[in-house]
There are 2 protein chains.
Amino acid sequence: MADDARGRLIDAAGRAFAERGFEGASVRDICSDAGVNVAAINYHFGDKQSLYVACLEQAQCSESQQPLRAADPSLPPEARLHGFIRGMLAAQGDPDRPLWHNALMLREMAHPTSAAAEVLKRYIRPLAETLREILEQLSPGVSGMPHDGWPVGFSVVSQVLFYAVHRPVARLLMGEAEHDALDVDFLADHIARFSLAALGRGPAIVGPSAAPSAGTRKTVSR
Amino acid sequence: MADDARGRLIDAAGRAFAERGFEGASVRDICSDAGVNVAAINYHFGDKQSLYVACLEQAQCSESQQPLRAADPSLPPEARLHGFIRGMLAAQGDPDRPLWHNALMLREMAHPTSAAAEVLKRYIRPLAETLREILEQLSPGVSGMPHDGWPVGFSVVSQVLFYAVHRPVARLLMGEAEHDALDVDFLADHIARFSLAALGRGPAIVGPSAAPSAGTRKTVSR
DNA sequence: CGACAATTCAAACGTCTGTTTGAAACAATC
DNA sequence: GATTGTTTCAAACAGACGTTTGAATTGTCG
């Protein structure tokens, strides 16, 4: 990213932490990867722990609020939800954004350190509130459902997070070829349709792949 | 669990690996926790790595095929799906089963080591095939959907996995009190209804908490 | 150029890591 | 009780770890 030592250090460390975890990544590997001396960590950051939080800040600070921008408030709620989902999916594989940004935050969220609270406040919470707003606009009263409607929001984002967290499993289950054939647009479309149908704001996920299923809406048996 | 050294070692190691990861857990901590000498690892397992796969095997071998049994084939498919979901959720907090079993396998699946393939074959694959069978029974043709219908299955299980993987986030987002008020039966019900509605096999997730929503089925606007 | 601060470097620091050793303790068999 | 095999133990092993040091290097300004 940046060609100064500090920047290269954050980039190398971010990749290492995201891939092998905090204790799994050694400072010697990181520095070797960044092409700097081991003492550079102490000089620029103080210690390994501070380098870690610097990586976490870098991961948040980047223009990664894609889902928020994508969910343009002037659009109808169905399109907003689709944009939100597509934005979250796209952030995972954005070539302009280092791949480790998402992975590192997911790691932090799954096994929180002391830095987790900050990530949640600055990164997760805004996403959650935007989603809640979209859902409320989509089907009013969802915030009044049990547990403040959180489970509904979780049901939506969980589908997106699955492809980030469990990508290895999906790959092994589907087979490499089939998995690599998945693309962001298809997945965004699937998740949006699945969720909209669950909320009663769209047709059910049924019928063969090519059929538009416009008029042939199947009815529920029971 | 077992009161012999080998058993106590697996239990202590399983907890440590699940909580702090493979490199995060030191053999000295593990042995101290198990009340055995450090050399016991070498004697009973050979090395740390072999102890790790022993933990993984223990996690699979346990009677953790709850979702499979719960999805009784003689029941109607809606009930089978509900049982499957409830079984997966229950496995996470089963008091008869050490808490680390699920956590350890989730860690292995999110960041696979060489042992991941075995876990997938023996533990994940059977679950996936059972779910596929239930979904196919529920709405025939789902296996013929794009990408062999995998995304539909992923949309279902992802909702369940969310509460295992991202429990800390959910807790922080909802607040401790609200999160602790969630129970397995409520979540299973929510996820099953959300998924059935998405598949067009049940009413949408709408209306206030107490309303039975039996006759007041809302219609889609667009 | 000379003076000064910022940065990099090879080398070493003490600590912790996983692993091994050989003797001691235990259990079972004759 | 002696003998055999199994299991545990304190102690030490070499190596990797994160961190620190003080000198060497670079860049910047007068």
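Lettering follows sequence order; numbering is per chain, from 1. All values below were derived from every heavy atom in this structure, side-chain atoms included, with hydrogens, water molecules and symmetry-related copies excluded.
Here the P atom of nucleotide D:dA10 and the CD1 atom of B:I41 are 15 Å apart, to the nearest Å. Distance A:F22 CZ to D:dC17 P: 13 Å, rounded to the nearest Å. One atom, OH of A:Y52, and another, P of D:dG18, lie 15 Å apart when rounded to the nearest Å. One interatomic measurement links the two molecules: CG of A:D29 to P of D:dA16, which rounds to 11 Å at whole-angstrom precision. Atom CD of A:E23 is separated from atom P of D:dC17 by 13 Å (rounded to the nearest Å). Here D:dA16 presents its C1' atom at 13 Å from NZ of B:K48, a figure rounded to the nearest Å. In this structure, B:R28 atom CZ and C:dG18 atom C1' are separated by 7 Å, rounded to whole Å. The CG-C1' distance, from A:L9 to C:dT7, rounds to 13 Å in whole Å.
No donor-acceptor pair closer than 3.5 Å links the side chain of B:N37 to the backbone N or O of B:A40.
For the pair A:D29/A:R20, a side-chain contact is recorded, criterion being any heavy-atom separation below 4.5 Å from C-beta on. No side-chain heavy atom of B:D148 sits under 4.5 Å from any side-chain heavy atom of B:S143.
Taking the six-membered ring for Trp and the full ring otherwise, A:H147 and B:F186 have centroids separated by under 6.0 Å.
Judged by the 6.0 Å and 45° rule, B:R107 forms no cation-pi pair with B:W100.
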Check the interface with nucleotides 4-7 of chain D: list each N/O to N/O pair with the protein under 3.5 Å, or write none.
| unit_1 | atom_1 | unit_2 | atom_2 | d |
| --- | --- | --- | --- | --- |
| D:dT7 | OP2 | B:Y43 | OH | 2.8 |
| D:dT7 | O5' | B:Y43 | OH | 3.4 |

Output a table of nitrogen or oxygen pairs between the protein and nucleotides 20-27 of chain C separated by less than 3.5 Å.
| unit_1 | atom_1 | unit_2 | atom_2 | d |
| --- | --- | --- | --- | --- |
| C:dT20 | OP2 | B:N42 | OD1 | 3.1 |

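Distance CG/A:L75 to NE2/A:H82: 11.5 Å, rounded to 0.5 Å.
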Set out, in order, the CA-CA distance, both residues' side-chain angles and the distance that settles salt bridge (Lys or Arg N to Asp or Glu O under 4.0 Å) for B:E133 and B:R80, then state yes or no. CA-CA 10 Å; B:E133 180 202 323; B:R80 290 189 73 192; 3.1 Å; yes

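In the model, A:R201 has no side-chain atom that pairs as donor or acceptor with a side-chain atom of A:S139 under 3.5 Å.
OP1 or OP2 of D:dA16 has not a single side-chain nitrogen or oxygen of A:S26 nearer than 4.0 Å.
Residue A:E136 qualifies as enclosed at atom CD: its count of foreign heavy atoms under 6.0 Å is above 12.
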